[in-house]
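As the structure lists them, so they are numbered: ligands from 1, and atoms in each ligand from 1.
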Amino acid sequence: MAILITGGAGFIGSHAAVELLNNGYDIVVIDSLSNSQMESVHRIQELTGKEFPFYEVDLVNKVQADEIFHYHPIEAVMHFAGLKAVGESREIPLKYYNNNITGTLNLCEVMAKHNVKNLVFSSSATVYGNPNSVPVVESFPLTVTNPYGRTKLMIEEILRDLHVSDSSWRIAILRYFNPIGAHESGRIGESPNGIPNNLMPYITQVAIGQREHLQVFGSDYGTHDGTGIRDYIHVVDLVKGHLKALQYLERNEGVEAFNLGTGKGYSVLDLVHNFSEVTSREIPYQVVPRRVGDIGICYANPEKAKNLLGWQAEKGLKEMCQDSWRWQTSNPNGYNIAVKQ
Ligand code: UD1
């Protein structure tokens, strides 16, 4: 029996693949390669010394998704596949709804058809909107402000409805805070296309000289230095949470949502200073106005995952910076051979 990883060539999916293989699981990986490269699949094999089936499949194509279940004995699915850029989701919402929602509906339909009902779903702390208080607990009200976030929240609700209709589904909804870092080997990591939207890849590209300076989006938030506070979590810790969730589903029925965060908040400038200290690189920055849609403070209460999954993040901010930097320096252009714009 194997675990199907959708989006397994992407940043988080590729780390999950390595973790699963290193823990003795068989895996099948699918990815549309629309926002990822085949090279990451080769690197998963190189890192683990293990072969596994890979298919270039887009979940929007239900026939192809069905074939995977036809040919492989799948016991559970980790569903990472999805579009994830907030700004882009405002410009092309239909593409986001089609890709993320239709893709997930197709996946659930073929899972049900083949009687595979254990699912770990990649959600996001974005479903908490601008929380009234921190740390954020799973029972907080859910609200979203952009199409990307709405796809995550809609999928959470679809999965709950699915379980109401058929209680044999076992579903873990994992709400990620801010995943950064990379595998300690420096062989797999985040390879953004074009200008990075997220903070850490932007910092590493400034540090290596590909971009002149960081823009700090706002210094007038109600935080110790005025810049936004987030809960940065090492991607390897994050994927370990997925394995614990998979094991939890073997023991428990139902739908359960879990925060995957460290419980610690750091500001943009905290991250910049830690990064500079660890790497001995200056990060020139300019403060610019707030980014539309950004919130001031968000960090997790990770107690539920600790109590029910037996999981907690172990790696600190310095390790996250070190591993992000190792990835960037050993792969200046990510998985791309050509120099990026
Ligand atoms: C963003 C998304 C969130 C998504 C997550 C995925 C928005 C509004 N939110 O989270 O929905 O789930 O990515 O990883 O896009 N910052 C700068 N300069 C930069 C980039 C970021 O100052 O060039 C600041 C931001 O204002 C924020 C912090 O760095 O305070 C983290 O930003 P980012 O990495 O984009 O993550 P989020 O905005 O938290």
Within 45° cone of Phe275 ring axis and under 6.0 Å: Arg281 NZ or CZ:
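No cation-pi geometry.
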Ignoring hydrogens and angles, state whether a donor on the side chain of His183 or Asp323 is under 3.5 Å from an acceptor on the partner side chain.
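The criterion, which ignores hydrogens and geometry beyond distance, is not satisfied for Asp323 and His183.
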Grab the two heavy atoms, one from Val239 and one from Ile12, that are nearest each other, plus how far apart they are.
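That closest heavy-atom pairing would be CG1-O, 3.6 Å.
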Minimum heavy-atom distance between Pro196 and Arg211, given as atom pair plus value
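For Pro196 and Arg211, the tightest heavy-atom pair comes out as CD-NE, 3.7 Å.
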Over 12 foreign heavy atoms within 6.0 Å of NE2, His70
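Not more than 12 within 6.0 Å, no.
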Determine whether more than 12 heavy atoms belonging to other residues, nucleotides or ligands lie under 6.0 Å from atom OH of Tyr97.
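Atom OH in Tyr97 is packed in, count exceeds 12.
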For ligand 1, list the protein residues that place a heavy atom within a distance below 4.0 Å of one of its atoms, sorted by chain and number.
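Ligand 1 pocket, heavy atoms under 4.0 Å: Val86, Ser124, Thr126, Tyr148, Asn178, Asn197, Asn198, Leu199, Leu214, Gln215, Val216, Phe217, Gly228, Arg230, Tyr232, Val268, Arg291, Asp294.
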